[in-house]
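Heavy-atom basis, side chains included; hydrogens, waters and symmetry copies ignored. All figures in this text were calculated on a predicted structure; none of them were measured in a lab.
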Amino acid sequence: MIANREALAATPARDAALACIEAGIEAAHPDTVVRERVALDGETLRIGDGRYDLSAYDEVVVVGGGKAAAQVAVAVESVLGDRVARGAVVTDDPEETATVDVLPGDHPVPSEEGVESARRVRELVDSADEGTLVLAVVTGGASALLPAPADGISLADLQGATRDLLDSGADIDEINAVRKHCSALKGGQLARAASPATVVGLLFSDVVGDDPGVIGSGPTAPDGTTFGDALAVLDRYGVESTVRDRLERGVSGELSETPEGDDPVFDRVANHVLANGFTALDAARETAEERGYEAMILSSRVRGEARESAATHVAVAEEVQASGNPLAPPAILLSGGETTVAVRGAGEGGPNLEFALGSRLELDAGITVASVDTDGRDGSTDAAGALVDDGTPVEDGEEALRENDAYPFLDSAGALVETGPTGTNVNDLRVLVVE
């Protein structure tokens, strides 16, 4: 899984950190998750804690998007076989499928290809009727990969707003509030388009708290945000975007709001979160314990500025090292969630790379830190993240962090963790090994 594992695993602590990362990613892969959470017994389809009688439907259709959407489609086909009549999912990590069309898109900034692909998905859900069971695949990355600009919004408008919000340091809930009010699919509008079909969401969460309304901007979930909330995000971060006019028209009542929880379109909708960050953390903890470490999950909900979060994590590891509290070393501390980066420089990097570099600037001997995005690509880079310890060069690290230029610094230090696309996306995974 880790292409440069041999080069990175120079010490037992480094090897243990990499083993935890591999275990977490594998546990959250759609092939593993669907095998455990989805099953067919005669005519009864079990999805999580839901049961669906396939004899009550004329056809099963699979639609959706996200970084792991193709892998989910493959796994669903392995369960349902030729019961899947048709389908289309949009992803930047394609896989070969039997029936479901795998369509191209781009992340984190939407593209024209993605717009065309989302149009195909919209056509499928528009054609659904009361006899259709729609299995809606929503995984991390769907917000960008399923762009369906609302009336009056161009792709260029969406691209500009997305770039500005990503660079501002806004969190994913805030970014998605804007996206939902600039889209014809997000914020429950895929469910609205599919009505009166039965819609079952197969969700892989890459957001803190696992809110179905935030995962992939919630195409199958009620929207708890408003045009006013979206406009407030632009104001909060000083983003002057061309989508502002649409948001202001929505606030004034000229445009209809996204559907809320009491909307009848949700009468035949159920969403199942099949995997999340804790899925990966729990597997990583089990691996750590199998290797003889005391292990603790600090939180699956870490958020905030990456470099600041790094200092806090290292402080906890130092406490373990100095006092044996809350664990006696050798110990492994784990966390998930999603940190952000307020971009001030012109460098190249991502939240996990900045977390790793920030950790290196803080840590003492005997502490090893690995931080990766479980989808295998941190920010817009080709690295999943990085692994550092007191042997990682530190000269000029402060300058690299100031310029948001963690990628080339960690690359030159031989610290990058390289996986390529992993087939899943359940947010960040951080491992701190205390010897």
Hey, does [Y] have a side-chain heavy atom less than 4.5 Å from the side chain of [X]?
X	Y	answer
I153	L158	yes
E338	D171	no
L334	L298	no
I175	V233	no
D428	V372	no
P110	L145	no
H181	T225	yes
Q71	T424	no

Between [Y] and [X], is there a side-chain donor-acceptor contact under 3.5 Å, judged purely by atom types and distance?
X	Y	value
D378	T381	no
D93	T91	no
N271	T220	yes
Y407	D382	yes
T422	D375	no
S127	R86	yes

Electrostatic pair [X]:[Y] at N-O distance under 4.0 angstrom:
X	Y	answer
D92	K67	no
R5	D15	yes
R244	E240	yes
D31	R35	yes
R377	D373	no
E43	R83	yes

Donor-acceptor contact below 3.5 Å, side chain D223 vs main chain G187 =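 No: the side chain of D223 does not pair with the backbone of G187.
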Would you check if the side chain of S299 reaches a backbone N or O of S335 as a donor-acceptor pair within less than 3.5 Å?
-> no
Verify salt bridge (Lys or Arg N to Asp or Glu O under 4.0 Å) between R122 and D126, making sure each step is shown before the conclusion.
-> CA-CA 6 Å; R122 178 63 188 263; D126 279 342; 3.0 Å; yes
Got a second to check how far L357's CG is from R360's CZ, nearest 0.5 Å?
-> 9.5 Å
How far does CG of L8 sit from CD of E418, to the nearest 0.5 angstrom?
->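 Nearest 0.5 Å value for the CG-CD distance: 7.5 Å.
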With respect to H313, which candidate in V369, L333, V302 satisfies the side-chain contact (heavy atoms from CB on, under 4.5 Å) definition?
->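 Exactly one candidate clears the test, V302.
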Might you confirm whether atom [atom1] of [X] has over 12 heavy atoms from other residues, nucleotides or ligands at distances under 6.0 Å?
X	atom1	result
E294	CD	no
D235	CG	yes
D41	CG	no
D267	CG	yes
E257	CD	yes
E289	CD	yes
E112	CD	yes

Given side chain to side chain contact (heavy atoms under 4.5 Å, CB included), test L387 with T368 step by step and report yes or no.
-> CA-CA 7 Å; L387 183 153; T368 298; 4.1 Å; yes
Which side chain to side chain donor-acceptor pair (under 3.5 Å) pairs, counting each pair once, include a residue from residues 191-219, with sequence neighbours left out?
-> Y57-T198, S143-S217, N176-S217, T198-R268, S205-D210, D210-N276
With a distance cut-off below 6.0 Å to the six-membered ring centre and an angular limit of 45° from the axis, does R430 pair with F355 as a cation-pi contact?
-> yes
Report the C-alpha separation of T339 and R303 in whole Å, then their side-chain angles, then the decisive distance to 0.1 Å, and conclude whether the side chain to side chain contact (heavy atoms under 4.5 Å, CB included) test is met.
-> CA-CA 4 Å; T339 60; R303 49 202 183 271; 5.9 Å; no
